[in-house]
Amino acid sequence: MRTPEEIDRLVEELLSRMTLEEKIGQMVQSAGLDTAAIGGDLDAAPLEEEIANGRVGTAIYIQADAKLARRLQSIAVEKSRLGIPLIFCQDVIHGFQTVFPIPLGWSCSFDPELVRRAVEISAKEATRAGVMLAFSPMLDIARDPRWGRVSEGAGEDPCLDARLARAQVMGYQGGEDGAGLGDGEHVACCLKHFVGYGAAEGGRDYNTVEISPSTLHNVYLPPFKAGVDAGAAMVMPSFNLVDGVSSAASPYVLQTLLRQELGFDGVIVSDYAAVVETIAHGLAQDGREAALRCANAGLDIEMATDLFNRELPRLVMEGKVPEAIIDGAVRRILALKYRLGIMDDPYLYMHEGEEKAVYLAPEHLETARCLARESCVLLKNDGALPLKEGAKIALVGPCADSKDQLGPWQFSAFKERTVTLRQGLEERGYAVSCEPATTIFEPLEGGVARAVALARDCDAIVLAVGEDMTMSGEAASRQNIVIPEAQMALAEAMRATGKPLVTVVTCGRPLLLDWFERHSNALLCGWFPGTEAGHALADLLSGDHNPSGRLSISFPRHAGQIPVYYNHMPTGRPWNGISDEKFVSRYLDGPNDPLYPFGYGLSYSSFKLAEVSLSSGRMTREDTLAVTAKVRNTSSVPGATVLQLYVHDVAARVSRPVKELKDFVRVDLDAHQERTVTLHIAPEDLRFHDGRDWVLVSGRFEVFVWFSSADCDLEKLEFTLE
Ligand code: GLC
């Protein structure tokens, strides 16, 4: 690996030999190798010609094919005047060929180390195919389950999202500050989408966003700060407006927030066609003004369109875009290429022939199975789970034997290796009679009748319902976040049989599950569990493993509650959820609280908390407060829980949330075992942005320690920050 000083010297030397057009060519990213040219703009020259002419610096969507990547790289290295190699990128979001649970699922594991391992495996598999950079992790806080991209993030909490952000950057890049970059097994990563994309009005993708400066800083920025501090190589601005300007064209977003406040010094790549979209936003008259605004705002790379190549040379000649801005962008891009090792070995990431040994390797599948187990959340269980040994199971529903368990944003070539729930239960030894009865949307002819017949002579019904992979992810917002009607008709018929009803939900978002809370005996949220879906679900349904997932996002009772999230403001008229007061913040026709709150999840074990204590009732700005608690497994079933520490700033310059997660820990306990665990509150955890500055304000703080963000049975603890 080259030292930073060596890289700086080599970059300056190369930059001094580049023409203006060659510099700008490094700032353009091809849209996809299956489109004949950059950005699918078919009147441009073929991609190979663009590469040979030095008009492309990075490429996306390589079809997971090292041979193709090698061919294109050889054009860049042998045909272009300066032979500068390309960076090949792909959306490696929750796996490359081995597919892990969707990120919203794995965030419910509250297990950053396991997520780090999964992401490192993804990098290892991706680098076999020539991928050097992952457009991941997606760090958008999301409070609106109508937004399909809620599936790609870590839910509603900044603390959990920040911990997972750090874990993923470390996993992709092989350690702090990209320690593993250039070893050919790790990839550069790209934090996205900076910033506030998840606050799209109405949960409608690409819609307007309105966020106050204090909320922007206190809720949406912390995960990005964690990712930048861990050394992420790249950041991708979001499609949405921030204070009236789309991020890719916003000096406030790219310079003030990202470069100055967060101290990011890596590469900034636009999202797909976001430069040209400044015209649709009404921020630019034409392509020339779009290129001008985005380049001057500090965008380094234009993804998927070609305005930089077309417009910047003249804009620089006219002095409208300083060449110093171009040079800054190209320095950062070239420095990344040196750090990735491709300036010394352009074919470092092309491992033709190794794919078979690496893709879906046994240890990769085992990690996927383990993370899928930890991602599932047991939402209800009246004793119907675990299934009895040897039970006769009527497995019904469209997700019962479906391989559509991988979720959105994965490009695995091994979909047929997905383990279905049916396979998992049969391999586990259950006598399974299976009837899909419906598709995701439509009843199958006679399907419900067949399912009822199966149910008649079974010991238990496992009803497998949910969404398909197209119903969440990008451009997949839903107004009505319900299980489709045909599946509900099947559910009603199953309930009518009177047999024990265990419901397993496959989904990419919180759905409205009130009917299942009332009528299922047990309810397990599997999210999209990934390649090892059936094995992980059978591990949990059989009791071989104990569910330990905790919700990273609230599940509304009713769509009319949205947005509903735990770290909300108290309002001037808070309602305790019980009294019949009228003039308080409440609805006439329903409760405020969600069906299932952030941090909630059940287990086959039962856990008690005792003797919670603070290391002190007073905290200075140099201290870190220790919060110790005794956690006991009062059952005979070994299991894991997640102890959560919340803080409430009682009175401050701006209103603060009723509680905020500040630390958490997974606690594994044998039967009847008790353990003392310690959580921490540092002064940094108490800082907040008041709309103008980050402040740390003396005063009284309440502390909640519990297994969920709600129903905390313990008395409040308090401390004072001096
Ligand atoms: C998409 C997504 C972004 C992705 C990029 C490249 O539009 O917004 O998350 O990384 O384009 O595929």
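Just so you know, ligand 1 is whichever comes first in the structure, and atom 1 is the first atom listed for that ligand.
Side chains of D404 and S402: a donor-acceptor N/O pair is absent below 3.5 angstrom, by distance only. A donor atom on one side chain and an acceptor atom on the other are not found under 3.5 Å apart for S122 and E125. Neither side chain, E185 nor Y349, offers a donor N or O lying under 3.5 Å from an acceptor on the other. Residues S554 and E156 bring a donor and an acceptor atom of their side chains to less than 3.5 Å of each other. Side chains of Y359 and T98: no donor on one and acceptor on the other come within 3.5 Å.
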Throw together a table of side-chain donor-acceptor distances under 3.5 angstrom for residues 280-287, partners on residues two or more places apart or in other chains.
from	atom 1	to	atom 2	distance (Å)
H281	NE2	F239	O	3.1
D286	OD1	R288	N	3.2
D286	OD1	E289	N	2.9

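Listed as neighbours of ligand 1 are Y61, D91, F135, R149, K192, H193, M236, F239, D271, Y272, M303, W409, E474, each bearing a heavy atom under 4.0 Å from the ligand.
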